[in-house]
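Shown below is the structure under consideration.
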Amino acid sequence: MMYENAYAKINLFLDVLSRRADGYHDLCTYMQTVSLCDTVSAEITENMPDTQIVLTISVSELPADETNLAYRAALRYLAAAEIKNVHLRMHIEKRIPLSAGLAGGSTDAAAVLRLLNRHFGHRLSLDTLCAIGKTLGADVSFCLVGGVCRCDGIGEILTPISAPAEYHVVIAKAHAGVSTPEAFHRLDALYGDFSVRPQRDIDLLHHAIEHGDIPTLSQNIYNAFEEVILPLHPEAALLKEQMLAHGAAAAMMSGSGPSVFGIFSAETDALRCTDAIGKSGVFAAICHPVSK
Ligand code: C5P
């Protein structure tokens, strides 16, 4: 049996720059993998008379067939690496909340690609895996690389940053989920072709990430989706307030939401915050940045 951790991501910065002809949007975002993770396990038997993929998932809300991104990742990997006659039994143990803006689906797909590549002797390069990842979803390339990256294009043009990243993260998500396409549509409705939106300065944030300067990082995090999602999800805005009240240096929504994360210097504050939110029946987890 092989295992691979599938780490969640948070967006330290996310601005939407323009709408493209293919319906996607060009972004500028800084993504960071965190230790909150799903686990993908797999049993691979070679030299079989045919190829079979069986996927099981620890939660019933997700499909476990070809419509699942992780299942499709396995199919694409076997095709690209020209591997036949294998039986692949995969299981995903979900811990990352669903439809939360934490890249749960994308990171499971990335973990499947990494796991299969490890089993098959790194037959494909990271660049090839990223090219497969891009066909599966905008965040899959980042999930393959991990750590902290500036991500341009639709999120697939990666500039890795080496960062000390010594802080604690609390992630919380109330019960509702957000559909990512719908969140983008709401921004379209507000900003049209986005030409009226001023470009935000990211130099301070970039420098703060590189140098582990938590106060400056905290003052410069940003997420364009907050404007359209928080009014629809007041519970997410309340979670942010709770995090700040517990000593978070900053709190913000991740991706298209509605999960929120808080950045804490002190682990004791982060633990207390996780405990308090968890006691109110809302999902809360303490984690930390994961470097590459
Ligand atoms: O690529 P992924 O499947 O994660 O994206 C889900 C949806 O979010 C896309 O179908 C698209 O509507 C929207 N999206 C976008 N621009 C991006 C990323 C996602 O418009 N950069």
Side-chain angles (χ1 to χ4, degrees), residues 1-10 31-100 102-147 149 155-156 158 160 171 283 285 287-292:
M1 185 79 87
M2 293 180 75
Y3 295 89
E4 187 76 25
N5 283 339
Y7 296 109
K9 63 84 178 154
I10 54 172
M31 297 205 241
Q32 166 76 67
T33 40
V34 290
S35 54
L36 172 66
C37 68
D38 297 339
T39 306
V40 175
S41 54
E43 222 175 80
I44 305 166
T45 319
E46 296 183 61
N47 303 316
M48 300 304 280
D50 58 358
T51 295
Q52 288 179 14
I53 300 176
V54 176
L55 173 65
T56 54
I57 309 177
S58 62
V59 296
S60 58
E61 296 95 316
L62 290 173
D65 55 16
E66 313 81 58
T67 60
N68 185 291
L69 211 56
Y71 190 109
R72 292 199 341 247
L75 278 177
R76 298 264 167 93
Y77 182 87
L78 296 180
E82 298 180 348
I83 292 161
K84 295 190 177 82
N85 304 98
V86 292
H87 284 190
L88 180 57
R89 299 182 68 83
M90 299 190 294
H91 178 74
I92 302 175
E93 197 62 36
K94 288 293 307 175
R95 289 181 213 94
I96 304 171
L98 312 179
S99 304
L102 299 168
S106 301
T107 197
D108 292 346
V112 166
L113 294 174
R114 274 200 310 267
L115 184 151
L116 290 177
N117 208 35
R118 186 152 53 89
H119 177 83
F120 290 107
H122 297 278
R123 208 175 275 205
L124 303 183
S125 67
L126 181 59
D127 280 353
T128 307
L129 294 184
C130 285
I132 298 172
K134 192 182 155 185
T135 69
L136 294 165
D139 294 342
V140 181
S141 307
F142 168 73
C143 292
L144 281 161
V145 170
C149 289
E156 88 291 17
L158 308 178
I171 293 179
F283 171 89
C287 53
H288 53 82
V290 172
S291 43
K292 278 210 299 175

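Any value given below was found using the heavy atoms of this structure, including those in side chains, with hydrogens, waters and symmetry copies removed.
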Shortest non-hydrogen contact from Val34 toward Cys287: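 The pair with the smallest heavy-atom distance is CB-SG, 3.8 Å.
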Atom CG in Leu88, atom CE in Met48: separation rounded to 0.5 Å? 12.0 Å
Qualifying residues under side chain to side chain donor-acceptor pair (under 3.5 Å), relative to Tyr71, sequence neighbours excluded: none
State which residues pass side chain to side chain contact (heavy atoms under 4.5 Å, CB included) with Ser60; sequence neighbours excluded, sorted by chain then number. none
Could you measure the distance from the CD1 atom of Ile44 to the CG atom of Leu115? Nearest 0.5 Å is fine.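 Reported to 0.5 Å precision, the distance equals 5.5 Å.
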Distance in Å, Thr33 OG1 paired with Leu102 CG, rounded so as to fall on 0.5 Å steps: 12.5 Å
Any pair counted as side-chain hydrogen bond (donor to acceptor under 3.5 Å, both in side chains), so long as it reaches residues 91-100, sequence neighbours left out: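 Non-adjacent pairs meeting side-chain hydrogen bond (donor to acceptor under 3.5 Å, both in side chains): Asp38-Lys94, Thr39-Arg95, Thr56-His91, His91-Glu93, Lys94-Asp108.
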Note: Ala110 and Leu144 closest approach over all heavy atoms is O-CD2, 3.6 Å
Between CD1 of Ile171 and CZ of Phe283, what distance do you get to the nearest 0.5 Å?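 Result: 7.0 Å between the selected atoms.
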All pairs passing salt bridge (Lys or Arg N to Asp or Glu O under 4.0 Å) where residues 40-53 contributes a residue, at least two apart: none
Kindly write out the residues that satisfy side chain to side chain donor-acceptor pair (under 3.5 Å) with Asn85, not counting sequence neighbours, or none if the list is empty.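 Asn85: no side chain to side chain donor-acceptor pair (under 3.5 Å) contacts found.
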So, does Thr107 use its side chain to make a donor-acceptor pair with the main chain of Tyr7 at under 3.5 Å?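 It does hold such a pair.
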What's the shortest heavy-atom distance between Gly147 and Phe142, and which atoms?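 Heavy-atom minimum between the residues: O-CZ, 3.4 Å.
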Can you name the residues that form a side chain to side chain contact (heavy atoms under 4.5 Å, CB included) with Glu61, not counting sequence neighbours?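 Side chain to side chain contact (heavy atoms under 4.5 Å, CB included) list for Glu61, sorted by chain: Val59, Leu98.
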Closest contact, heavy atoms only, Asp139 versus Met31: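 The pair with the smallest heavy-atom distance is OD1-CE, 3.6 Å.
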To the nearest 0.5 angstrom, please state how far the NE2 atom of His288 sits from the CD atom of Gln32. 10.5 Å
Do the side chains of Cys143 and Leu113 get nearer than 4.5 Å, heavy atoms only?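 Not touching, per the 4.5 Å side-chain cut-off.
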Residue pair Pro97 / Leu36: nearest heavy atoms and the distance that separates them: CD-CD2, 4.2 Å
Once salt bridge (Lys or Arg N to Asp or Glu O under 4.0 Å) is applied, what residue pairs with a partner in residues 111-126 remain, sequence neighbours excluded? Glu4-Arg114, Glu4-Arg118
To the nearest 0.5 angstrom, please state how far the CD1 atom of Ile92 sits from the CD1 atom of Ile57. 5.0 Å
Under the side chain to side chain contact (heavy atoms under 4.5 Å, CB included) test, which residues partner Asn47, sequence neighbours left out?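 Here no residue qualifies.
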Looking only at heavy atoms, the pair that brings Ala73 and Ala109 closest together is CB-O, 3.6 Å
Check: residues 125-136 side-chain donor-acceptor pairs under 3.5 Å, at least two apart:
{"unit_1": "Ser125", "atom_1": "OG", "unit_2": "Thr128", "atom_2": "N", "d": "3.1"}
{"unit_1": "Ser125", "atom_1": "OG", "unit_2": "Thr128", "atom_2": "OG1", "d": "2.9"}
{"unit_1": "Thr135", "atom_1": "OG1", "unit_2": "Arg76", "atom_2": "NH1", "d": "2.8"}
{"unit_1": "Thr135", "atom_1": "OG1", "unit_2": "Ile132", "atom_2": "O", "d": "2.6"}

Report the C-alpha separation of Ile53 and Leu78 in whole Å, then their side-chain angles, then the decisive distance to 0.1 Å, and conclude whether the side-chain contact (heavy atoms from CB on, under 4.5 Å) test is met. CA-CA 10 Å; Ile53 300 176; Leu78 296 180; 4.2 Å; yes
Who are the side chain to side chain donor-acceptor pair (under 3.5 Å) partners of Asn68, not counting sequence neighbours? none
